[in-house]
Amino acid sequence: MPFFRQPKIWDIPDARITAEPIFLNRRRFLKGSIAGGMGLALLSLSGCKGTSGNAGDVGNNPLAGTRPISAKPTAIDLPDPGRPITPRDLAARYNNFYEFGGNKGIWRAAQSLPTENWKVRVHGLVNRPKTYDLDDLTKTFGLEERTYRFRCVEAWAMTVPWAGFPMRKLLEAVEPTSAAKFVKFTSFYDERITTGPGWRPGSLPWPYREGLRIEEMANELAFFATGAYGHTLPKQHGAPIRMVLPWKYGFKGAKSIVDIEFVAEQPATYWNTLVPNEYGFEANVNPTVPHPRWSQAEERIIASGNSLSWDVEPTLPYNGYGEFVADLYA
Ligand code: MTE
């Protein structure tokens with residue numbers, strides 16, 4: 001692939017790199033604006049200056065088009081997130097969805113994602129392959145609400161009440177064969193819709209793909225979200241269905257899933273293909289393993305208004321979910 005032939009193109013200027021650790025060392029409410037590392041890497045590559053695309057008629061409302069849903073409380077005894085739920089409007093204005101641009105304000109461009117008649121194809125090494133529409137998924141697997149801490153590899157964090165169903169239910173329904181060892185998840189991609197100005201489709205490993213070991217998918221925390229905050233998902237959060245893996249860095253949670261394939265070998269994934277030394281396949285939240293360009297010891301909690309203020313807190317191993325998942329990595 002082209003980016004392997006020119007790896008240097010992903011590097012970012014030194015001055016930008018040093019800004020982040022300095023920023024993270026201040027233990028207090030901090031004022032200032034900083035883009036995350038992935039965004040910096042991509043911005044420096046693509047020259048993408050902002051977002052555009054067909055925003056539709058949403059005005060200044062990032063939640064336009066969502067509708068209320070009712071989800072039952074989860075039966076799992078989840079740990080208290082230890083911090084308030086992130087305001088809904090704020091979570092909907094601060095996103096990563098690189099198909100729509102390289103900054104955090106892509107919510108408007110993401111409105112061009114076509115979510116009608118959505119289908120998710122589940123296939124590969126399974127006894128019961130099936131293509132589900134969204135209604136099938138909700139009717140078959142139900143809807144429960146789970147408030148999870150959310151931790152991006154860029155060291156910002158939120159707390160989001162998702163609604164959806166455990167991945168394990170789908171896994172059981174399609175009956176993987178004994179040859180299935182990994183699962184590959186693919187996001188929606190259409191070059192005419194998902195690429196903003198400055199993106200160069202041929203030079204990036206689209207579509208966005210993620211992968212899990214089959215045991216990780218079977219873990220009780222692994223979740224498909226079809227809603228958040230008591231409503232259907234807004235497009236910028238990955239409507240109509242996305243992955244949520246609270247013990248892993250956020251990039252593992254691919255958005256707007258259209259294809260799930262059970263495979264024998266570890267699949268190639270988007271960020272791991274693009275910058276393998278920075279974004280591993282496993283990508284569990286770990287305060288003791290720094291990203292090559294910044295520390296992971298602390299995280300910035302998105303707390304208010306236009307994301308100019310942050311509460312800085314220590315990062316927890318497995319993002320606080322070790323009791324559920326540590327066994328997977330023993
Ligand atoms: N999924 C797709 N298809 N494209 C993306 O760019 N970004 C990932 C993840 N899923 C991404 C994606 C990253 S880096 C993060 S941190 C989360 O989505 C952000 O989710 P949020 O915007 O809903 O908070």
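Side-chain atoms are counted along with the backbone in the values below, which use heavy atoms only and exclude waters and symmetry mates. In this text the structure is predicted, and so the values were computed from the model without any measurement. Indexing begins at 1, ligand by ligand and atom by atom, following the structure's order.
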- Who passes ring-ring contact (aromatic ring centres under 6.0 Å, His included) against Tyr148, sequence neighbours left out? Tyr321

- Message: Tell me whether ligand 1 is touched by Ala254 - counting only heavy atoms on the residue side and a distance under 4.0 Å.
- Response: yes

- Check for a donor-acceptor pair, side chain of Lys252 on one end and backbone N or O of Gly211 on the other, with a separation under 3.5 Å. yes

- With atoms numbered from 1 as shown, which atoms in ligand 1 lie under 4.0 angstrom from a non-hydrogen atom of Tyr98? 5 (C), 6 (O)

- Task: Look at ligand 1 and say whether Glu154 reaches it with a heavy atom at a distance under 4.0 Å.
- Result: no

- Query: For ligand 1, is any non-hydrogen atom under 4.0 Å from Phe150's backbone (N, CA, C, O), its side chain (CB onward), both, or neither?
  - Reply: side chain

- Message: So for ligand 1, is Asn95 a polar contact partner (N or O within less than 3.5 Å, distance only)?
- Response: yes

- Task: Under 4.0 Å from a heavy atom of Cys152: give me the atoms of ligand 1 that qualify, with their elements.
- Result: 16 (S)

- Task: Cation-pi check, Lys181 to Phe262: give yes when NZ or CZ is under 6.0 Å from the six-membered ring centre and within 45° of the ring axis, no otherwise.
- Result: no

- Does the gap between the ring centers of Tyr94 and Trp156 come in under 6.0 Å? yes

- Item | Output field: ring centroids Tyr279/Phe251 closer than 6.0 Å | yes

- For Gly238 and ligand 1, answer yes if some heavy atom of the residue is under 4.0 Å from a ligand atom, otherwise no. no

- Task: Could you tell me whether some N/O pair between Arg242 and ligand 1 is separated by less than 3.5 angstrom?
- Result: yes

- Item | Side chain, backbone, both or neither: Phe97 near ligand 1, heavy atoms under 4.0 Å | both

- Message: I'd like to check whether Phe251 has a polar contact with ligand 1, where a contact means an N/O of the residue lying under 3.5 Å from an N/O of the ligand.
- Response: no

- Item | Phe165: ring-ring contact (aromatic ring centres under 6.0 Å, His included) partners, not counting sequence neighbours | Phe141, Phe224

- Message: Counting only nitrogen or oxygen atoms and a 3.5 angstrom limit, does Tyr94 reach ligand 1?
- Response: no

- Mark yes when over 12 heavy atoms from residues, nucleotides or ligands other than Glu265 sit less than 6.0 Å from its CD; otherwise mark no. no

- Cys152 SG to Met158 CE distance, which is reported to the nearest 0.5 Å: 9.0 Å

- Which option, Val153, Val244, Asn96, owns the non-hydrogen atom nearest atom 7 (N) of ligand 1? Asn96

